[in-house]
2 protein chains.
Amino acid sequence: MLTWEELPPCPVATTVRLIGNKWKPLIIRDLMEGTKRFGEFRKSIPGISQKALTENLRALEEDGLILRTAYPEVPPRVEYRLSETGESLKPILDAMTAWGTAYKKRLSQES
Amino acid sequence: MLTWEELPPCPVATTVRLIGNKWKPLIIRDLMEGTKRFGEFRKSIPGISQKALTENLRALEEDGLILRTAYPEVPPRVEYRLSETGESLKPILDAMTAWGTAYKKRLSQES
DNA sequence: CAGTATCCGATACGATACTG
DNA sequence: CAGTATCGTATCGGATACTG
């Protein structure tokens with residue numbers, strides 16, 4: 001977990017530091033719907049490799065945005081869900097959804 | 001400029017594709033305040049290299065999010081500003097600002 | 001002033017093989 | 001099932017030198 005001092009002064013830079021890459025917003029988007037298992041992410045996020053998925057899940061957990069629960073069963077079952085902090089990202093995701101939709105609509109209309 | 005077909009189906013993925021990297025949100029954050037010149041970005045975005053700044057400004061221009069105006073003077077003056085599409089990113093930036101602020105506050109309180 | 005060109009290291013990412 | 005380990009590639013990004 002990062003400390004307060006390690007984060008940039010600018011809040012936008014802080015957000016970028018925590019979720020600003022190719023995969024994290026997609027992982028978080030999925031978790032907004034509820035709990036998800038490792039294998040389910042691989043289906044719902046086209047193109048993500050096992051390694052990239054693992055690394056990003058670990059980083060999100062480390063930063064306190066998601067929670068990981070492993071059930072000691074055979075075969076093993078691991079569930080991921082948003083923490084309260086992670087859930088508070090919803091306004092960002094909603095804004096991204098709305099903007100992405102509008103951008104594609106505009107392009108499709110060649111306006 | 002990308003075509004509609006080249007963008008991912010998911011609107012969140014589309015947004016990530018267009019502004020989801022280390023520097024673009026910071027450039028856009030600055031332009032929300034108004035027109036800005038090349039050299040001014042270098043002061044207001046600590047740590048950005050000339051190359052990274054140039055590449056990201058070109059990409060944002062290519063995707064229709066910012067506009068570039070070069071004034072034929074000596075010494076040359078170039079101004080960047082948001083397009084209408086770029087300005088429509090404001091809700092995302094606002095949400096990022098609010099979330100980053102809250103995240104840092106929470107960390108500083110060790111809650 | 002606002003870039004471009006080049007080099008190079010760091011990091012991100014994907015593919016494959018293997019494991020508790 | 002849910003990973004870890006390893007390797008190779010690709011992209012990102014910083015430093016430096018140079019230019020209209």
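Numbered from 1 within each chain, the chains take letters A, B, ... in sequence-line order.
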If you restrict it to nitrogen or oxygen atoms, what contacts under 3.5 Å exist between nucleotides 17-20 of chain C and the protein, and what is each distance?
none

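- Partners of A:S88 according to the side chain to side chain donor-acceptor pair (under 3.5 Å) rule, which considers only residues two or more places apart in sequence or in another chain, are B:W99.
- Between B:R77 and A:E55, the residue anchored closer to the 5' end of DNA chain C is B:R77, taking for each the nucleotide with the nearest heavy atom.
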Could you list the donor-acceptor pairs under 3.5 angstrom formed by side chains in residues 7-34 of chain B, with sequence neighbours left out?
{"from": "B:T14", "atom 1": "OG1", "to": "B:P8", "atom 2": "O", "distance (Å)": "3.2"}
{"from": "B:T14", "atom 1": "OG1", "to": "B:C10", "atom 2": "O", "distance (Å)": "3.3"}
{"from": "B:T15", "atom 1": "OG1", "to": "A:M96", "atom 2": "O", "distance (Å)": "2.9"}
{"from": "B:T15", "atom 1": "OG1", "to": "A:G100", "atom 2": "N", "distance (Å)": "3.4"}
{"from": "B:T15", "atom 1": "OG1", "to": "B:P11", "atom 2": "O", "distance (Å)": "3.1"}
{"from": "B:N21", "atom 1": "OD1", "to": "B:W23", "atom 2": "N", "distance (Å)": "2.9"}
{"from": "B:N21", "atom 1": "OD1", "to": "B:K24", "atom 2": "N", "distance (Å)": "2.8"}
{"from": "B:N21", "atom 1": "ND2", "to": "B:N56", "atom 2": "OD1", "distance (Å)": "2.8"}
{"from": "B:K24", "atom 1": "NZ", "to": "B:L18", "atom 2": "O", "distance (Å)": "3.2"}
{"from": "B:R29", "atom 1": "NH2", "to": "B:S44", "atom 2": "O", "distance (Å)": "3.4"}
{"from": "B:D30", "atom 1": "OD2", "to": "B:S44", "atom 2": "OG", "distance (Å)": "2.4"}

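- A:R42 comes within 4.0 angstrom of no nucleic acid atom, judged by non-hydrogen atoms across all strands.
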Yes or no on side-chain contact (heavy atoms from CB on, under 4.5 Å) for A:Q50 and A:F38, after CA distance, side-chain angles and deciding distance? CA-CA 9 Å; A:Q50 211 164 25; A:F38 191 87; 3.9 Å; yes
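- You'll find that the side chain of B:A52 is closest to D:dG13, out of D:dG3, C:dG3, D:dG13.
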Within the sub-3.5 Å range, which N or O atoms of nucleotides 7-11 of chain D have a protein N or O partner, and how far apart are they?
{"from": "D:dC7", "atom 1": "N4", "to": "A:K51", "atom 2": "NZ", "distance (Å)": "3.2"}

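- Within 4.0 Å of B:R68, counting heavy atoms only, lie sugar-phosphate atoms of the nucleic acid but no base atom.
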In dot-bracket form, 5' to 3', how is DNA chain D paired? Count Watson-Crick and G-U wobble pairs only if both distances fall under 3.5 Å, and write | where the partner sits on another strand. ||||||||||||||||||||
Which is it for A:R77 and A:R37 under the side-chain contact (heavy atoms from CB on, under 4.5 Å) test, yes or no, and what are the steps along the way? CA-CA 7 Å; A:R77 180 165 56 99; A:R37 295 176 62 173; 3.5 Å; yes
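- Where A:N56 and B:E79 meet DNA chain C, the nucleotide closest to each residue was compared, and B:E79 sits on the side nearer the 5' end.
- Non-hydrogen atoms lying under 4.0 Å from DNA chain D are contributed by A:R37, A:F38, A:G39, all within residues 19-39 of chain A.
- Using a 4.0 Å heavy-atom distance criterion, B:Y80 is classed as a sugar-phosphate-only contact.
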